[in-house]
Amino acid sequence: MAEVILKNINKIYPNGVQAVFDFNLEIKDGEFIVLVGPSGCGKSTTLRMIAGLEGITSGDLIIDGERVNLLAPVDRDIALVFQNYALYYNMSVFDNMGISLKLRHEQKNVIHKTVKDMAKRFDLTDYLNRLPSNLSGGQKQRVALGRAVVRDPKVFLMDEPLSNLDAKLREKTRSEIVRLQRELKTTTIYVTHDQVEAMTMADRIVVMNEGYVQQIATPYELYAHPNNMFVAGFIGMPNINFISGTIQDNYFYFDGFKVEIFLGDLEKLKAYQGKEVVMGIRPEYIEYGEKSLKENPNSILELKLDHKEFLGDEFYVELVLPSKIITARIPSEYDLDKEILKIAFNMKQVHYFDKDTKMRIVKE
């Protein structure tokens, strides 16, 4: 186990393209950190710099109190699990899992016992003599994970390890990784573009976009208090609804409608009177039913139902505004066979963003 610190890390390629800008992060001993963002945001490049597979242009990388910028990957005491498994296809599962112990010149009986124990943990006992080409994708990934754990490294690095698995297996393996990490208490840095993986696995999430860190926070903090429109739009399913409008007195005016601003938000919006801002409201806070209408009498709208999707316990509903389509999540107990739905915005749960800076407007 080890603390990992990244100080002012930058990555600039020889062609002048900068992939990572001034990355700063302190990872606690035993913490599970997830780097998340769209393709090309710099998350995998950051992981590869930690692993030593990419050079660091400037800044300091410290693992367990030692600056390791110039150390070879083999000397950093890390284990890396790749998206494509990176197994030795001419070696058995047993030899793949035990390769690091063999290279450390461990005794044969130690290697045998350690690999057998790890195979039992990952349900691979019956496959130890097989070649990777005779395994399923899920089994290959478990071999890769077992090989990493056998090394007993200071830090686990995982680069989109579940992206090649089907949905059901991905969910199962996700739980296995979290359970294992909690048990071993090994510092783990995990890269994904899947916000569901990030939200369900991480102690803290680092959201990246175009090489910049947008926010570092717990899953709940990211969801409830996003720094900016990018974070608000990236986290949450279905996506948050962004609606442009104008603040006037106690109301937010948009598309010929007005909704009353929650009293607790009025003070922070004083400087925006008469100005255009962007309101963000998540689909679950566009509410339906008598109870919600009574609780939000000054934020009721009647909107045309454009499309609905049944997901068992709820509907995803698309509603028509003059300028755009917005999405609501409505419990499936309600009858939605109507052309017009009367809904209410839960104004206690909305965010406001500066139209120019895209930053969330907060109390000063």
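Bear in mind the structure is a predicted one, so any value in this text is a computation, not a measurement. Both backbone and side-chain heavy atoms feed into the values below; hydrogens, waters and symmetry mates do not.
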*Kindly give the heavy-atom pair with the smallest separation between Pro219 and Ala198, and that separation in Å.*
CG-O, 4.5 Å
*In Å and rounded to the nearest 0.5 Å, what is the CG to CD1 distance from Asn296 to Ile286?*
12.0 Å
*In terms of the angle between their ring planes, are Tyr212 and Phe21 parallel, tilted or perpendicular, with boundaries placed at 30° and 60°?*
parallel
*Please, which pairs that meet side-chain hydrogen bond (donor to acceptor under 3.5 Å, both in side chains) have at least one residue in residues 114-124, sequence neighbours excluded?*
Lys113-Asp117, Arg121-Glu183
*Counting only heavy atoms not in Glu171, do more than 12 sit closer than 6.0 Å to its CD atom?*
no
*What ring pair (Phe, Tyr, Trp, His ring centres under 6.0 Å) pairs are there with at least one residue in residues 227-248, not counting sequence neighbours?*
Phe230-Phe234, Phe242-Phe353
*Could you tell me whether Glu318 and Lys308 make a salt bridge, using a distance below 4.0 angstrom between a side-chain N and a carboxylate O?*
no
*Go through the side-chain N and O atoms of Asp159 and Tyr190 and say whether any donor and acceptor fall under 3.5 Å apart.*
no
*Is a salt bridge present between Arg174 and Glu197, judged by a nitrogen-to-oxygen distance below 4.0 Å?*
no
*Cation over ring face, Lys258 and Tyr251, 6.0 Å, 45°*: yes
*Identify the heavy atoms of Val115 and Gly98 that sit nearest to each other, and give their distance.*
CG2-CA, 3.7 Å
*asked:* Check this for me: does any side-chain nitrogen of one of Lys291 and Glu295 sit under 4.0 Å from a carboxylate oxygen of the other?
replied: yes
Could you list the donor-acceptor pairs under 3.5 angstrom formed between side-chain atoms of residues 101-110 and any protein atom two or more places apart in sequence or on another chain?
residue : atom : partner : partner atom : Å
Arg104  : NH1  : Arg151  : O            : 3.1

